[in-house]
Enquirer: 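Have a look at this one.
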Amino acid sequence: MSTEISPVIPFLRYRDSNAAVDWLTAVFGFEPVVVAKDDHGKVVHASLRFGSGAVMIGPAGDGPLDVRSPLDLPATSQGVYVYLADGVAAHYKQATEGGAEVVLPLADMDYGSTEYTVRDPEGHIWSFGSYLPSAE
């Protein structure tokens, strides 16, 4: 596996950042790289890796960025797409068995991708599929 990480790294905020790290690793297969906790054991920053991609996780709140969990909002304003070289159907099964809410079921798309979209327990939208945009 390459040690290089994409320079574009989404950051997501959760009411329960500890549960989010546990769920994202168990259900979606992310690997923890850094998990920093405060004196009370609450995750204040986590970097999770998936292949050459990563996401950063932290607590939602009134900090300087005022970033909230979708549970605190009337809608979700973004989503994360994760490229899977193969095994999209197996990943879909793992995600749905792990409690991910299906938004768009597993399907073959007109542009050649097999993909699906789900919500995590706090409402963030995640899409997984075989589509990989070309750098050209």
Enquirer: Are Y116 and I125 grouped together when hydrophobic residues (ILVMFWY) are joined by side-chain heavy atoms under 4.5 angstrom apart?
Expert: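 Result: no, two separate clusters.
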Enquirer: Mind checking whether V55 and Y81 sit in one hydrophobic cluster, side chains of I, L, V, M, F, W, Y counted as touching below 4.5 Å?
Expert: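 No: no chain of side-chain contacts under 4.5 Å links V55 to Y81.
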Enquirer: Main chain of G41, side chain of N18: is a donor-acceptor contact present, judged purely on distance under 3.5 Å?
Expert: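 Yes: the side chain of N18 pairs with the backbone of G41.
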Enquirer: Answer whether the closest heavy-atom distance between the side chains of H91 and F28 falls below 4.5 Å.
Expert: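 They are in side-chain contact.
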Enquirer: For residues A46 and V21, report the shortest heavy-atom separation together with the two atoms involved.
Expert: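 Looking at all heavy atoms of both residues, the shortest contact is CB-CG2, 3.7 Å.
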Enquirer: Check for a donor-acceptor pair, side chain of R49 on one end and backbone N or O of G51 on the other, with a separation under 3.5 Å.
Expert: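 Indeed, once roles are kept as given, a pair shorter than 3.5 Å links the two residues.
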Enquirer: Of all the heavy-atom pairs spanning V43 and V35, show the shortest one and how long it is.
Expert: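 Looking at all heavy atoms of both residues, the shortest contact is CG2-CG1, 3.8 Å.
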Enquirer: In this structure, would V80 and Y83 fall into the same cluster of hydrophobic residues linked by side-chain contacts under 4.5 Å?
Expert: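 They do not share one cluster, since no chain of ILVMFWY contacts under 4.5 Å joins V80 to Y83.
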Enquirer: Is the side chain of T96 donor-acceptor paired with the backbone N or O of V102 at a distance under 3.5 Å, no angle test?
Expert: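 Between the backbone of V102 and the side chain of T96 there is no qualifying donor-acceptor contact (under 3.5 Å).
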Enquirer: Any heavy-atom pair between the side chains of S17 and K42 that's under 4.5 Å?
Expert: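 SC-SC contact between K42 and S17 confirmed.
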Enquirer: Distance-only check: which donor-acceptor pairs under 3.5 Å involve side-chain atoms of residues 67-75, not counting sequence neighbours?
Expert:
from, atom 1, to, atom 2, distance (Å)
R68, NE, D66, OD1, 3.0
R68, NH1, D62, OD1, 3.3
R68, NH2, D62, OD1, 2.4
R68, NH2, D66, OD1, 2.8
S69, OG, L71, N, 3.1
S69, OG, E122, OE1, 2.6
D72, OD1, R15, NE, 2.8
D72, OD1, R15, NH2, 2.6

Enquirer: Please state whether the rings of W126 and F128 are parallel, tilted or perpendicular, taking 30° and 60° as the class boundaries.
Expert: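 Parallel, since the angle between the ring planes stays under 30°.
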Enquirer: Show the nearest heavy-atom pair for residues M56 and R13, with the distance to one decimal.
Expert: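 Heavy atoms of M56 and R13 come nearest at O-NH1, 4.4 Å.
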Enquirer: Nearest heavy-atom pair of G53 and I5: which atoms, and what distance?
Expert: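 Looking at all heavy atoms of both residues, the closest pair is O-CD1, 4.0 Å.
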Enquirer: Could you check if a side-chain atom of T114 sits within less than 4.5 angstrom of a side-chain atom of D108, using non-hydrogen atoms only?
Expert: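 Result yes, sub-4.5 Å side-chain heavy-atom pair found.
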Enquirer: Let's go through Q78 and L12 carefully: what are the C-alpha distance in whole Å and the side-chain angles of both, what is the deciding distance for side chain to side chain contact (heavy atoms under 4.5 Å, CB included) to 0.1 Å, and is it a yes or a no?
Expert: CA-CA 10 Å; Q78 54 73 42; L12 305 172; 3.6 Å; yes
Enquirer: For the rings on W23 and Y14, is their centre-to-centre separation under 6.0 Å?
Expert: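 When the ring centroids of W23 and Y14 are compared, they turn out to be at least 6.0 Å apart.
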Enquirer: May I ask you to test the P105-Y92 pair for a side-chain heavy-atom distance under 4.5 Å?
Expert: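 With C-beta onward as the side chain, the pair touches.
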Enquirer: Would Y131 and Y111 count as a close aromatic pair, with their ring centres under 6.0 Å?
Expert: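 Y131 vs Y111: aromatic centres under 6.0 Å.
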Enquirer: How close do A20 and I57 get, counting heavy atoms only, and between which atoms?
Expert: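 Residues A20 and I57, closest heavy atoms: CB-CG2, 4.3 Å.
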Enquirer: Please check: side-chain N/O of S47 versus main-chain N/O of V34, any donor-acceptor pairing under 3.5 Å?
Expert: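 The answer is no, because no donor-acceptor pair under 3.5 Å joins these two groups.
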Enquirer: Report the distance from atom NE2 of H124 to atom CG of L24, rounding to the nearest 0.5 Å.
Expert: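 Output value for this atom pair is 8.5 Å.
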Enquirer: Search all heavy atoms of A54 against all heavy atoms of I9 and return the closest pair with its distance.
Expert: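 Scanning both residues, the minimum pair turns out to be O-CG2, 3.5 Å.
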